[in-house]
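One structure below.
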Amino acid sequence: MTIRVIIVDDQAMVRAGFAALLSAQADIDVVGEAPDGRQGVQVSRTVHPDVVLMDVRMPEMDGLSAARELLSPPPGVVHRPKVLMLTTFDIDDYVYEALRAGASGFLLKDAPPADLIAAVRVVASGEALLAPSVTRRLIADFVQQRPAPRKDPALRLKGLTPRETEVLELIARGLSNQEIAGHLVLAEQTVKTHIGRVLAKLDLRDRAQAVIFAYEAGLVRPGDSG
């Protein structure tokens, strides 16, 4: 099945480069592009892509505002693409807010070409794209700057079984499914089942939101070692 992608970035060279790279893949089809968030939303609602590559900083409408519009569409709009945020900075508050809004992850613009291709495939498959070595630090830094966690997330944790809570904590520490399976001595499919139940019980969209939730609930704290 071909993955339909649009590229939203205010730099024409970036759009052209990404389009050339992705279009060369047999399973990826670039179906549109836009120079700012506002046009990106319009193009997305016209061509219905599977994945939107969205730059964070753009004129007219930034990537965060555009992501919110795409992921929380008005009544009557049923299409909700996966959104992968692109940034030139390894620490960017907009990225966190985008994850909270439902974006499926982020990628640095200077990442190797193979990483971009893999990222599109990962996000299209319904997984969240998190680079554990970077994301854990980024989210920890972000949460550290926020007020103390609200009671609501901590209360919602009580709906999880001890095993589900353990899995959520390991997700927040940046472990992959395979690493969690090894740590808990479980089959990887069992880990996937536990993660699915965690997301369902906590009403979370994906793994990215699960990481943020774990920090806000106080399950994992900034500075904890993983």
Side-chain angles (χ1 to χ4, degrees), residues 1-9 14-15 18-19 21-34 36-58 61-74 76-87 92 94-109 111 113-132 134-135 138-139 171 174 176-177 192 195-196 198-200 202-213:
M1 183 176 176
T2 303
I3 302 168
R4 294 166 57 81
V5 177
I6 68 170
I7 302 165
V8 185
D9 193 293
V14 170
R15 296 198 306 272
F18 284 179
L21 177 66
L22 295 173
S23 295
Q25 310 307 307
D27 60 336
I28 300 175
D29 187 11
V30 177
V31 295
E33 61 177 65
D36 62 64
R38 193 175 308 283
Q39 291 185 51
V41 171
Q42 293 172 351
V43 171
S44 178
R45 289 183 178 158
T46 300
V47 302
H48 293 176
D50 300 303
V51 177
V52 176
L53 291 180
M54 182 79 75
D55 188 20
V56 169
R57 300 175 186 273
M58 292 180 291
M61 177 186 284
D62 64 31
L64 174 58
S65 298
R68 284 179 175 145
E69 287 209 16
L70 290 175
L71 298 168
S72 298
V77 177
V78 295
H79 179 254
R80 289 205 307 175
K82 305 293 184 182
V83 176
L84 177 60
M85 305 301 296
L86 299 167
T87 178
D92 193 320
Y94 282 105
V95 171
Y96 305 111
E97 291 302 322
L99 292 176
R100 290 172 59 82
S104 294
F106 70 93
L107 189 70
L108 296 179
K109 282 188 178 181
D115 286 2
L116 173 64
I117 296 166
V120 169
R121 291 171 177 154
V122 166
V123 170
S125 72
E127 294 292 322
L129 183 79
L130 297 173
V134 177
T135 302
L138 293 180
I139 294 178
I171 290 174
S176 67
N177 288 0
K192 290 181 180 178
I195 292 173
V198 168
L199 297 180
L202 299 177
D203 191 26
L204 301 173
R205 181 183 173 99
D206 57 26
R207 197 183 189 99
Q209 290 194 330
V211 174
I212 293 174
F213 178 93

As a quick check of understanding, evaluate side-chain contact (heavy atoms from CB on, under 4.5 Å) for I6 and V30, giving each step before the final call.
CA-CA 6 Å; I6 68 170; V30 177; over 6 Å; no
Residue pair [X] / [Y]: nearest heavy atoms and the distance that separates them:
X	Y	answer
P81	P49	CB-O, 3.5 Å
L84	F106	CD1-N, 3.8 Å
A210	L199	CB-CD2, 4.0 Å
L70	P73	O-CD, 3.7 Å
M54	A66	CE-CB, 3.5 Å
R121	I28	NE-CD1, 4.4 Å

Show your reasoning for whether side-chain contact (heavy atoms from CB on, under 4.5 Å) applies to Q25 and V120.
CA-CA 11 Å; Q25 310 307 307; V120 169; over 6 Å; no
Item to complete: Carefully, step by step, assess L107 and L116 under the rule side-chain contact (heavy atoms from CB on, under 4.5 Å).
Response: CA-CA 8 Å; L107 189 70; L116 173 64; 3.6 Å; yes
Could you check whether any side-chain N or O of E69 sits under 3.5 Å from a backbone N or O of S65, counting only pairs where one atom can act as donor and the other as acceptor?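 Not confirmed, E69 side chain does not pair with S65 backbone.
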N/O donor-acceptor pair under 3.5 Å between D36 side chain and R38 backbone:
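Checking the backbone N and O of R38 against the side chain of D36, a donor-acceptor pair under 3.5 Å is found.
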Got a second to check how far [X]'s [atom1] is from [Y]'s [atom2], nearest 0.5 Å?
X	Y	atom1	atom2	value
D9	M58	CG	CE	7.0 Å
L64	M85	CG	CE	6.5 Å
S44	R4	OG	CZ	10.0 Å
I3	D27	CD1	CG	5.0 Å

Any side-chain heavy-atom pair of V5 and V31 under 4.5 Å:
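V5 does not reach V31 side chain to side chain.
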Any residue meeting salt bridge (Lys or Arg N to Asp or Glu O under 4.0 Å) with R80, in chain and number order, not counting sequence neighbours: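 R80: no salt bridge (Lys or Arg N to Asp or Glu O under 4.0 Å) contacts found.
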Inset, instruction - Please name all residues satisfying side-chain contact (heavy atoms from CB on, under 4.5 Å) with H48, sequence neighbours left out, ordered by chain then number. - result: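 For H48, the residues satisfying side-chain contact (heavy atoms from CB on, under 4.5 Å) (neighbours in sequence not counted) are H79.
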Task: CA sep, side-chain torsions, deciding dist, call: I171, V198, side-chain contact (heavy atoms from CB on, under 4.5 Å) - done: CA-CA 11 Å; I171 290 174; V198 168; 5.7 Å; no
